[in-house]
Amino acid sequence: MIQLRHARIEESKQILAFYKDIINTTDEEFNPKWNDNYPNSEFIENSIIKKELYIARKDEMIISSVIVNDDFDSHYDDTDWIVNAKKDEIAAIHTFAVNPACRGRGISKRIFDIIKSHCLKNNKKSIRIDVIDGNVGAQGVFKRLGFVYIDTFEVHHDAVGLENFHLYEYVLE
């Protein structure tokens with residue numbers, strides 16, 4: 001059984017190593033274009049302190065990491081979403097990753113089911129995510145999970161520069 005829990009500050013180095021492994025093993029299908037600038041140790045530690053970073057483990061291995069919060073790019077405000085909701089009624093997913101050694105086992109779905117359940121308990125109406133252009137693997141995963149493509153916008157991200165991001169929404173019922 002997979003459990004998703006808040007990451008602890010003493011796990012920050014292991015979480016950074018998890019993301020570095022993702023960076024070093026990306027293929028053309030799953031390419032979030034992360035690098036040494038993002039996600040970095042400061043970002044991870046701040047996300048842990050804010051209780052937004054969650055991990056799932058199997059024994060000593062991190063099998064998944066994700067940030068869930070209500071923090072999103074200002075372009076979200078200019079988008080025609082399916083659900084018209086206030087900021088505190090929306091959850092945003094960031095840096096969602098599954099250990100490459102565990103892909104193809106339904107872990108993304110099980111992690112998302114936990115996130116969805118948590119969001120429903122906290123009266124969220126919608127879950128939103130943006131996926132960087134070229135990360136077709138992640139786009140496919142989110143579509144299979146029931147997310148609906150909404151729009152694409154161009155934005156400058158500190159880690160990658162000017163890029164297109166594809167917006168997706170999952171309506172909670």
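Residues take their numbers from the sequence shown, with the count starting at 1.
- Under the 4.5 Å side-chain criterion, counting only non-hydrogen atoms from C-beta, V98 is not in contact with I111.
- Taking 4.5 Å as the limit, some side-chain heavy atom of E154 sits within range of a side-chain heavy atom of N164.
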Decide yes or no on side-chain contact (heavy atoms from CB on, under 4.5 Å) for K33 and Y38, but give the supporting numbers first. CA-CA 9 Å; K33 300 182 184 175; Y38 180 85; over 6 Å; no
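- Between the side chain of E163 and the main chain of I132, no donor-acceptor pair closer than 3.5 Å is present.
- At least one donor-acceptor pair under 3.5 Å links the side chain of W81 to the backbone N or O of Y76.
- By the criterion of side-chain heavy atoms lying less than 4.5 angstrom apart, applied directly or through intervening Ile, Leu, Val, Met, Phe, Trp or Tyr residues, I93 is grouped together with Y170 in one hydrophobic cluster.
- Other residues, nucleotides and ligands contribute at most 12 non-hydrogen atoms within 6.0 Å of the CG atom of D36.
- Around the CD atom of Q3, the shell of radius 6.0 Å holds no more than 12 heavy atoms that belong to other residues, nucleotides or ligands.
- Residue-environment remark: CD (E42) stays at or below the threshold of 12 foreign heavy atoms within 6.0 Å.
- Counting heavy atoms from C-beta on, the side chains of R8 and I48 never come closer than 4.5 Å.
- Linking Ile, Leu, Val, Met, Phe, Trp and Tyr residues whenever their side-chain heavy atoms come within less than 4.5 Å leaves M61 and I23 in two separate clusters.
- Within the structure, side-chain hydrogen bond (donor to acceptor under 3.5 Å, both in side chains) contacts touching residues 92-104 (residues at least two apart or in different chains) are Y19-T95, N69-H94.
- Under a hydrophobic clustering in which Ile, Leu, Val, Met, Phe, Trp and Tyr are joined whenever their side-chain heavy atoms come within less than 4.5 Å, directly or via other members, V66 and L16 fall into different clusters.
- Expressed to the nearest 0.5 Å, how far NZ of K109 lies from CD1 of I114 amounts to 10.5 Å.
- With S117 contributing its side chain and D113 its backbone, the two residues share no donor-acceptor pair below 3.5 Å.
- Contact of the T152 side chain with the H166 side chain is registered, since non-hydrogen atoms from C-beta on lie closer than 4.5 Å.
- Distance check: I63 CD1 to S108 OG gives 10.0 Å after rounding to the nearest 0.5 Å.
- R110 places a side-chain N or O within 3.5 Å of a backbone atom of R105 that can act as its donor or acceptor partner.
- The shortest side-chain heavy-atom distance between D130 and V155 does not fall under the 4.5 Å cut-off.
- Between the side chain of S126 and the backbone N or O of V171 there is no donor-acceptor pair closer than 3.5 Å.
- Atom NZ of K58 is surrounded by 12 or fewer heavy atoms from other residues, nucleotides or ligands within 6.0 Å.
- Residue D77 places its CG atom among more than 12 non-hydrogen atoms of other residues, nucleotides or ligands, all under 6.0 Å distant.
- When the side-chain contact (heavy atoms from CB on, under 4.5 Å) test is applied to K51, the partners found at least two apart in sequence or on another chain are H6.
- With rounding to the nearest 0.5 Å, the separation of NZ in K124 from CG in D70 is 5.5 Å.
- In plain terms, the two heavy atoms of A91 and V68 that are nearest each other are CB-CG1, 4.2 Å.
- Legend: ring pair (Phe, Tyr, Trp, His ring centres under 6.0 Å) pairs involving residues 115-135, not counting sequence neighbours: none detected.
- Between P100 and I22, some side-chain heavy-atom pair lies under the 4.5 Å cut-off.
- Distance check, rounded to the nearest 0.5 Å: CZ of R57 to CG of D59 gives 10.0 Å.
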Does R128 form a side-chain contact (heavy atoms from CB on, under 4.5 Å) with L167? I'd like the steps, not just the answer. CA-CA 7 Å; R128 297 175 181 169; L167 301 176; over 6 Å; no
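- Taking the six-membered ring where the residue is Trp, F112 and F147 present tilted rings, their angle falling between 30° and 60°.
- Panel note: side chain Q14, backbone E11; no donor-acceptor pair is recorded below 3.5 Å.
- Here the side chains of I55 and R5 are in contact, with some heavy-atom distance below 4.5 Å.
- Annotation: the span from K50 atom NZ to D71 atom CG amounts to 6.0 Å, rounded to 0.5 Å.
- Follow the hydrophobic side-chain contacts under 4.5 Å out from V131 and you never reach W34; the two are in separate clusters.
- Note that CD1 of I2 and CD1 of I107 are 4.5 Å apart. Values are rounded to the nearest 0.5 Å.
- Both F96 and I127 belong to a single network of hydrophobic side chains, linked directly or stepwise wherever heavy atoms of I, L, V, M, F, W or Y lie under 4.5 Å apart.
- Minimum heavy-atom separation, A92 to F72: CB-CD2, 3.9 Å.
- Judged by distance alone, the side chain of N40 and the main-chain N or O of N37 form a donor-acceptor pair under 3.5 Å.
- Residues E173 and L120 have side chains not in contact (no heavy-atom distance under 4.5 Å, counting atoms from C-beta outward).
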